[in-house]
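Taking it in order: structure first as structure tokens, then the write-up.
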Number of protein chains: 2
Amino acid sequence: MKKPARPPAKPVRPSALQAESLRQTRREHASETAEDYVEAIADLAAAQGEACVVDLSRRLGVTHVTVNRTLARLQREGYVSVQPYRAIFLTAAGSKLAKECRRRHGIVVAFLRSLGISEKTAEIDAEGIEHHVSPETLAALAKHTGK
Amino acid sequence: MKKPARPPAKPVRPSALQAESLRQTRREHASETAEDYVEAIADLAAAQGEACVVDLSRRLGVTHVTVNRTLARLQREGYVSVQPYRAIFLTAAGSKLAKECRRRHGIVVAFLRSLGISEKTAEIDAEGIEHHVSPETLAALAKHTGK
DNA sequence: GTCAAAGTGTAGCCAAGGCTACAGAATGTT
DNA sequence: AACATTCTGTAGCCTTGGCTACACTTTGAC
């Protein structure tokens, strides 16, 4: 498999940069779940006073079992506070994260809407995109939308 | 955890829509790997004639073991053709997918650059974003960049 | 031809995030 | 108080996608 005549350097995209980009994307993916959860918990708390497991499972489109296990992880990581058969609360760190997510989500949706994207598509795309927008890009989107 | 006084309907974001958006994001995530791989294979083949496991592992920022296992899955799914100790080839389906990915990646990067994002950040963000851009949004981005 | 280096393959481990099936707790109605 | 419903929790299974460690093939140089 050794390439006998390897053209010294004609990388379409520099290999190291792409590898780093993909590593970054994987890191982001690891925190996506946390972000989705704290955002949902904050929303539910705002809308109806408190968040419970079934509400979250409906909201997130997974079973209550998945919610339960994930909450345990988020508690381990310090984002939420959970006790058996009790409501779910965000810690200070969780609230902070939720706030940032909400802001970022809003900016991304507003930007997409400003491009003429339908509301439904904007919501769907934003949900996927928002976790991968750097501060630099987020600022640019906000500026572009606001102009 | 039953909410005694549940306000009938004051969802910040409609629960069903968000659940569906998240489900969509998860579906996209499942195909992200395939897209990254076929894109890398196509690039390597274009740049140096053929793609091998170590090249891919360097390119993707994972070990050769991970590449190997993933290639087995992609073969199962009909995107690549692999034989022990032989070069890696894309099937027709794989080539088609790679072409689409490349186009989409180009559009996203060009758009970010047009917003004034630095090249490096544009690459990193694009890598995360490109998998979550709907055809509708992609068209809008292309139009916006090209205008 | 030999041999070392590089590439490839395999075994087995881990965590995350899905799921079903079942058991126990809380709640609201009667 | 009893009961049915809903909610919550647990056990155990699956797939994906990381990894290290070790074994085997190819390749290139001598």
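Every chain is numbered from 1, with letters handed out A, B, ... down the list of sequences. Quantities reported herein were computed from a predicted structural model and do not represent experimental measurements.
Within 4.0 Å of Arg69(B), counting heavy atoms only, lies at least one base atom of the nucleic acid. Nucleic acid contact for Arg76(A): sugar-phosphate only, since backbone atoms but no base atoms lie under 4.0 Å from a heavy atom of the residue. Residue Val65(B) is in base contact, counting any heavy-atom pair closer than 4.0 Å across all strands shown. Across all strands, Thr33(B) comes closer than 4.0 Å only to sugar-phosphate atoms, never to a base (heavy-atom distances).
Contact annotation: Asn68(A) side-chain N/O to dT8(D) OP1/OP2 distance is not under 4.0 Å. Arg26(B) has no side-chain polar atom (N or O) that falls below the 4.0 Å cut-off from OP1 or OP2 of dC19(C). The phosphate of dC7(D) has OP1 or OP2 within less than 4.0 Å of a side-chain N or O from Arg58(A).
Between the side chains of Glu20(B) and Gln24(B), not a single donor N or O lies within less than 3.5 Å of an accepting N or O. At a cut-off of 3.5 Å, with distance as the only test, no side-chain donor of His132(A) or Glu130(B) sits close to an acceptor on the other residue.
Of the candidates dT26(D), dG17(C), dG18(C), dT26(D) carries the atom nearest the Tyr85(B) side chain, counting heavy atoms from C-beta on. In this structure, the nucleotide among dG7(C), dG9(D), dG17(D) sitting nearest to the side chain of Thr66(B) is dG17(D). For Thr63(B), the listed nucleotide lying nearest its side chain is dT20(D); candidates were dG9(C), dA16(C), dT20(D).
Counting to the nearest Å, the P atom of dG17(C) and the CZ atom of Arg27(B) are 18 Å from each other. Rounded to an integer number of Å, the gap from Leu60(B) CG to dC19(D) C1' is 16 Å. dT16(D) atom C1' lies 12 Å from atom CG of Leu74(B), rounded to whole Å. Atom CD in Gln83(A) sits about 17 Å away from atom P in dA25(C), given to the nearest Å. Arg73(A) places its CZ atom 17 Å from the P atom of dG9(D), with the value rounded to the nearest Å. Counting to the nearest Å, the C1' atom of dG18(D) and the NE2 atom of His29(B) are 12 Å from each other. In this structure, Arg86(A) atom CZ and dC7(D) atom P are separated by 16 Å, rounded to whole Å. Taking atom CD of Glu35(A) as the reference point, atom C1' of dG17(C) lies 16 Å away to the nearest angstrom.
With its ring centre under 5.5 Å from that of the base six-membered ring and a plane angle below 30°, His64(A) counts as stacked on dT8(D).
The closest donor-acceptor contact from the side chain of Glu136(B) to the backbone of Ser118(A) lies under 3.5 Å. Side-chain atoms of Gln75(A) come within 3.5 Å of backbone atoms of Val82(A) as a donor-acceptor pair (strictly under, hydrogens ignored). A donor-acceptor pair under 3.5 Å links the side-chain atoms of Thr70(A) to the main chain of Thr66(A), judged by distance alone.
Nearest-nucleotide positions on DNA chain D place Leu71(A) closer to the 5' end than the other of Leu71(A) and Arg23(A).
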